[in-house]
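Worksheet: the structure to be examined is printed underneath.
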Amino acid sequence: MKAHLEQILAPQKQSFICRQFIEPSFDHPFHYHPEIELTYIVRSQGTRIIGDHVGSFNEGDLCLIGEYLPHVYRNTIVPEDQAISEVIHLPRDCANDFFDMAPELSTFSDLLDDARFGLQFDTNTSSLVRNLMIRLRETQGVQRWTLFFELIECLSNAPKPQTLASAGYTGKIKPTTSDRMYAVCQHILEHFDEDLSHEQLARMAHASPAHFSRLFKKTTRKTYQQFLSEVRLGHACRLLIESDLPIIEIAFASGFRNLSNFNRRFQHAYECSPREYRKRVI
């Protein structure tokens, strides 16, 4: 299932796009686009795929999806009447230019950075945001920016949203305050299919193996083995979604040295086998 580039045409004299989609069911393909997307599900239920994340959605679901992150919403049950969503598309370049001039909005800028993995918000936030999205869609002129600032404040002050896609799928990590650990994580992302020993990574961090273990877990809240496994599994999910390679080839291409270990770790992480995962998303 290859992800398709979607061209989003913005109306003239609008810096961001607000739309309501009313359809018999959601039938868009697995796609991506350079715009950041905020999607609220008004009416429908089914399965959403964002990167390597596969989860269910219902009415009230609110997600912020970063630029170029592949995603799709699918109805597992055909709606009795209509599938309805409210969607905002915001060009990242436009956002960057504006936020560079407004340091007060740095919190929202950080949120957009985190959206590279896809973010799901809590139900209280989604209820507030839905009303703002509807008013934005129905408003013209300068008043749109007043409402957009309200929306920014609502999202920025929301409880920490759930991160959806993995670093292994996106090939990206969140920058940390530790330059050494950032370099180590970046090295893992670039060489996950190789044999990476504890000692080798500790030398990269200029630390003893014991100190490296403590520092890595303090910085990432995961052991280096957990992080490495997540990166490998995320890459495997990308290959399961976007290629027709046999599962054994995907296992080796993702850094696993035997199929049984790959299957066991995949089952533990996603509560299904690689074969079942592929059937679910394709």
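Within the 4.5 Å cutoff, the side chain of Tyr182 has no heavy atoms near those of the Thr219 side chain. Residues Tyr224 and Val184 are not in side-chain contact: their nearest non-hydrogen atoms beyond the backbone lie 4.5 Å or more apart. Between Met133 and Ile88 the shortest side-chain heavy-atom distance falls below 4.5 Å. Residues Leu5 and Tyr32 form a side-chain contact, since some pair of their non-hydrogen atoms from C-beta on lies under 4.5 Å apart. Using a 4.5 Å heavy-atom threshold, the side chains of Thr163 and Asp114 count as separate. Put simply, the side chain of Asn263 reaches to within 4.5 Å of the side chain of Pro274, judged on heavy atoms. Looking at heavy atoms from C-beta onward, Ser56 lies out of side-chain contact with Thr47 at the 4.5 angstrom threshold. Residues Leu196 and Ile188 have side chains in contact (heavy-atom distance under 4.5 Å, counting atoms from C-beta outward).
Donor-acceptor pairing under 3.5 Å is recorded for the side chains of His53 and Arg48. Judged purely by distance below 3.5 Å, without hydrogens or angles, the side chains of His187 and Glu190 never pair a donor atom with an acceptor atom. A donor-acceptor pair shorter than 3.5 Å cannot be found between the side chains of Asn131 and Arg135. In summary, the side chains of Thr223 and Gln225 do not present any donor paired with an acceptor at a separation below 3.5 Å, with no hydrogens or angles considered. Counting only N and O atoms by type, the side chains of Glu6 and His31 include a donor and acceptor under 3.5 Å apart.
Between Pro91 and Phe16, the shortest heavy-atom distance links the atoms CD-CA, 4.4 Å. Between Ala165 and Leu69, the closest heavy-atom pair is CB-CD1, 4.4 Å. Shown here for Leu132 and Cys154, the closest heavy-atom pair between the two residues is CD1-CB, 4.4 Å. The minimum heavy-atom distance between Ser243 and Ile250, with the atom names listed, is OG-CD1, 4.4 Å. Residues Ala253 and Asp193 approach most closely at O-CB, 3.7 Å, considering heavy atoms. Summarising the geometry of Ser166 relative to Gly234, their closest heavy-atom pair is OG-CA, 3.4 Å, with the distance given to 0.1 Å.
Note: His198 and Phe212 have tilted aromatic rings, judged against thresholds of 30 and 60 degrees for the angle between ring planes.
Judged by distance alone, with hydrogens and angles left aside, the side-chain atoms of Tyr73 form no donor-acceptor pair with the main-chain N or O of His28 at under 3.5 Å. Between the Glu276 side chain and the Ser273 main chain, a donor and an acceptor come within less than 3.5 Å of each other. In terms of modelled atom types and a separation under 3.5 Å, the side chain of Ser156 and the main chain of Glu153 share no donor-acceptor contact. Between the Ser126 side chain and the Gly60 main chain, a donor and an acceptor come within less than 3.5 Å of each other. No donor-acceptor pair under 3.5 Å is formed between the side chain of Thr125 and the backbone N or O of Phe121.
Rounding to the nearest 0.5 Å gives a distance of 8.0 Å between CG of Asn75 and CD of Gln45. Taken from CG in Leu240 to CD1 in Ile247, the straight-line distance is 6.0 Å, to the nearest 0.5 Å. Between the CG atom in Leu201 and the CZ atom in Phe227 there is a gap of 10.5 Å [rounded to 0.5 Å]. Distance check, rounded to the nearest 0.5 Å: CG of Asp61 to OG of Ser85 gives 11.0 Å. The CD1 atom of Ile41 lies 11.5 Å from the CZ atom of Arg130; values are rounded to the nearest 0.5 Å. Rounding to the nearest 0.5 Å gives a distance of 12.0 Å between CG of Leu147 and CD1 of Ile134.
Cation-pi geometry between Arg180 and Phe216 is not met: the NZ or CZ atom fails to fall both under 6.0 Å from the ring centre and inside 45° of the normal. Taking the ring axis of Phe192 as reference, the NZ or CZ atom of Arg232 does not stay both within 45° of it and closer than 6.0 Å to the ring centre.
With hydrophobic clusters built from ILVMFWY side chains whose heavy atoms lie under 4.5 angstrom apart, Val129 shares a cluster with Tyr40. Residue Leu90 is grouped with residue Leu119 when hydrophobic side chains (ILVMFWY) are merged at heavy-atom distances under 4.5 angstrom, including chains of intermediate members. Hydrophobic clustering of Ile, Leu, Val, Met, Phe, Trp and Tyr side chains at less than 4.5 Å, counting indirect connections, keeps Leu128 apart from Leu64. Under the 4.5 Å side-chain contact rule for hydrophobic residues, Val87 and Leu136 do not share a cluster. No chain of hydrophobic side-chain contacts below 4.5 Å, direct or via other Ile, Leu, Val, Met, Phe, Trp or Tyr residues, connects Phe21 to Phe57.
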Can you check salt bridge (Lys or Arg N to Asp or Glu O under 4.0 Å) on Arg116 and Glu67, steps first, answer last?
CA-CA 7 Å; Arg116 74 186 75 176; Glu67 63 271 31; over 6 Å; no

Evaluate the side chain to side chain contact (heavy atoms under 4.5 Å, CB included) criterion for residues Tyr277 and Val54: first the C-alpha distance (whole Å), next the side-chain angles of each, then the deciding distance (0.1 Å), finally the verdict.
CA-CA 9 Å; Tyr277 179 93; Val54 182; 3.7 Å; yes

For a ring-ring contact (aromatic ring centres under 6.0 Å, His included) check, start with the C-alpha distance between Phe30 and His71, then their side-chain angles and the critical distance, and finish with the verdict.
CA-CA 5 Å; Phe30 193 51; His71 56 281; 7.9 Å; no

Full working for ring-ring contact (aromatic ring centres under 6.0 Å, His included) between His33 and Tyr68:
CA-CA 5 Å; His33 38 70; Tyr68 296 107; 8.5 Å; no

Could you go through Leu151 and Leu38, starting from their C-alpha distance and side-chain angles, then the distance that decides it, and tell me whether this counts as side chain to side chain contact (heavy atoms under 4.5 Å, CB included)?
CA-CA 11 Å; Leu151 186 145; Leu38 182 67; 4.0 Å; yes

Determine whether Phe148 and Thr146 satisfy the following criterion, side chain to side chain contact (heavy atoms under 4.5 Å, CB included), listing intermediate values before the conclusion.
CA-CA 5 Å; Phe148 187 68; Thr146 302; over 6 Å; no

What's the verdict on salt bridge (Lys or Arg N to Asp or Glu O under 4.0 Å) for Glu86 and Arg137, showing C-alpha distance, side-chain angles and the deciding distance?
CA-CA 9 Å; Glu86 297 282 347; Arg137 178 169 49 80; 2.8 Å; yes

Chi angles and distances behind the side chain to side chain contact (heavy atoms under 4.5 Å, CB included) call for Arg144, Cys18:
CA-CA 10 Å; Arg144 295 179 87 232; Cys18 304; 3.6 Å; yes

Could you walk me through whether Arg265 and Asn261 pass the side-chain hydrogen bond (donor to acceptor under 3.5 Å, both in side chains) check?
CA-CA 6 Å; Arg265 289 182 179 272; Asn261 182 43; 3.2 Å; yes

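Under the 6.0 Å cut-off for aromatic ring centres, Phe256 and Phe252 do not qualify, their centroids lying 6.0 Å or more apart.
The neighbour count for Asn58 CG, taken as heavy atoms of other residues, nucleotides or ligands under 6.0 Å away, is above 12. Within a 6.0 Å sphere centred on CZ of Arg221, heavy atoms belonging to other residues, nucleotides or ligands number 12 at most.
Salt-bridge formation is not detected for the pair Asp27/Arg74: no Lys NZ or Arg NE/NH1/NH2 atom is positioned less than 4.0 Å from an Asp or Glu carboxylate oxygen.
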